[in-house]
Protein chains: 2
Amino acid sequence: MPPKSAEESKRRLVAAAIEVLRTDGIAAMSARAISQRAGVAQGLVFYHFGSVTELIAQACVTATQARVDLHREQFAEAASFADLVALAREVQVAEREAGNVSILGQALAVAQTDAELAVAMRQALDLWREPIVAVSSRLLGAGSPFSGLIDAETFADLLMAAFVGFELTDAVREDGVDDRSFEALEVVAAVLDGLGPVGRRALAATLRRRRTR
Amino acid sequence: MPPKSAEESKRRLVAAAIEVLRTDGIAAMSARAISQRAGVAQGLVFYHFGSVTELIAQACVTATQARVDLHREQFAEAASFADLVALAREVQVAEREAGNVSILGQALAVAQTDAELAVAMRQALDLWREPIVAVSSRLLGAGSPFSGLIDAETFADLLMAAFVGFELTDAVREDGVDDRSFEALEVVAAVLDGLGPVGRRALAATLRRRRTR
DNA sequence: GTCTATAGAGGGATAGAC
DNA sequence: GTCTATCCCTCTATAGAC
């Protein structure tokens, strides 16, 4: 059998790492488990990546990049809070299917006490952050009735944190995906989108009161 | 040396488990590491708890119970959204100090693929959930201008998810605790609390439009 | 570049003395 | 109830053949 190419081996290992993380969890991650699923020798993990941690790090970033690209057009189209919630719901379903958010959550947990993995997780989170900040800027930036209320970057960070936390907490519930959460957010979005001139004036007045206090 | 009591050994093991989880992370959890820090024989982990996982599970629930009790009075006093945000900030600081939210996050990650641990994590989350639902009910329930807008339980679940996600994502950032997030929430809370009659009417009108659509 | 084999450490869990 | 000692397994990482 001719030796496979280096790129092919690395690709298979990265794909296998995601698969193992997805199906068996972070506790089951090992060079043996990953290389076996990849169909390559265990030693290649260290030859190509140096350590298991580094393989996991690269796998998380690579997988996240692919998932973000998948939703890029949808992010570009969202133009209201209702759109944002609908998008969040679609992304939640799609990413739960692919297991990517769960992967991020599990890797994040390890990254709490692993500086090397923390660097990679920051990169992965930044990949999601970029399109989310773009949407948030459209909804909260100049020209919107919420301009100056909340910083788009801060809003995006809160959204992402909630997303990760939702995925982790939801998995330990017995009743599966909690549709009520998204329904509640839909109501909030409808209110925010539907605020007429009167509502906006009241909002502006409240903000003025707060600023001059 | 006289043998210590069973209760004392169990107590020490539980405390040591939390300590190891807090300082070295979930990846370093082992019967050896825990028993060494507890100053007892390694075999006692299995004698008293049956398995390392079960010890971790009980430790998480016990530790969470203690932390929740610590904040109970503050929860009882919160009567506005501003109070809620201020409370969240205090809890965030206190729990970061104690590392309890980080512990929950890491245990939750493992619980994604460990049914036994998932049961314990549901119990731990429910301990936080109870006082949070109580506060949420006061803010969103009958008599409030938001009555019927969002279910208190759903709101509480979202809050908790955001809290866990915030702790996990914040830890991998280079700039530490992001105060801007809480400042942003303070603004939102002030708006919600400060909505006068006009704002509430506008809100009610928006909700009516949505319901009859 | 890929493979097999293995060293060396650490882990879960149990047996049996006290 | 607690301890020490141990079995057996899995893990990371490396060495060396091809």
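Labels below follow one simple rule: chain letters A, B, ... track the order of the sequence lines, proteins then strands, and each chain is numbered from 1.
When the shell of 6.0 Å around CD of Glu97(A) is examined, it contains 12 or fewer heavy atoms from other residues, nucleotides or ligands. Applying the 6.0 Å contact sphere to CD of Gln36(B) captures no more than 12 heavy atoms from other residues, nucleotides or ligands.
An OP1 or OP2 oxygen of dG11(C) is reached within less than 4.0 angstrom by a side-chain nitrogen or oxygen of Ser30(B). For dG1(C), the OP1/OP2 oxygens have no side-chain nitrogen or oxygen of Ser9(A) closer than 4.0 Å.
Checking dG11(C), dG1(D), dC3(D) against the side-chain heavy atoms of Arg32(B) singles out dG11(C) as nearest. With distances taken from any side-chain atom of Ala31(B) to the nucleotides dG12(C), dG1(C), dC11(D), the minimum falls on dG12(C).
Salt bridge absent: Arg22(B) and Glu19(B) never bring a charged side-chain N and a carboxylate O closer than 4.0 Å. Using a cut-off of 4.0 Å between Lys/Arg side-chain N and Asp/Glu carboxylate O, Arg37(B) and Asp24(B) are scored as salt-bridged. With salt bridges taken as basic N to acidic carboxylate O contacts below 4.0 Å, none links Arg12(A) and Glu7(A).
Arg11(A) has its CZ atom 13 Å from the P atom of dT2(C), to the nearest Å. For Gln36(A) and dT12(D), the CD to C1' distance is 16 Å, given to the nearest whole Å.
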Side chains of residues 150-161 of chain B: which donor-acceptor partners sit under 3.5 Å, not counting sequence neighbours?
from	atom 1	to	atom 2	distance (Å)
Asp151(B)	OD2	Arg180(A)	NH1	2.9
Asp151(B)	OD2	Thr154(B)	N	3.3
Asp151(B)	OD2	Thr154(B)	OG1	3.1
Asp157(B)	OD1	Arg129(B)	NE	2.7
Asp157(B)	OD2	Arg129(B)	NH2	3.0

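Contacts of residues 41-63 of chain B with DNA chain D (heavy atom under 4.0 Å): Ala41(B), Leu44(B), Tyr47(B), His48(B). Near DNA chain C, meaning a heavy atom under 4.0 Å from it, residues 15-23 of chain B has no residue at all.
Heavy atoms only, all atoms of each residue included: Val20(B) and Ala28(B) are closest at CG1-O, 4.2 Å.
A donor-acceptor pair under 3.5 Å is absent between the side-chain atoms of Ser147(B) and the main chain of Gly143(B), judged by distance alone.
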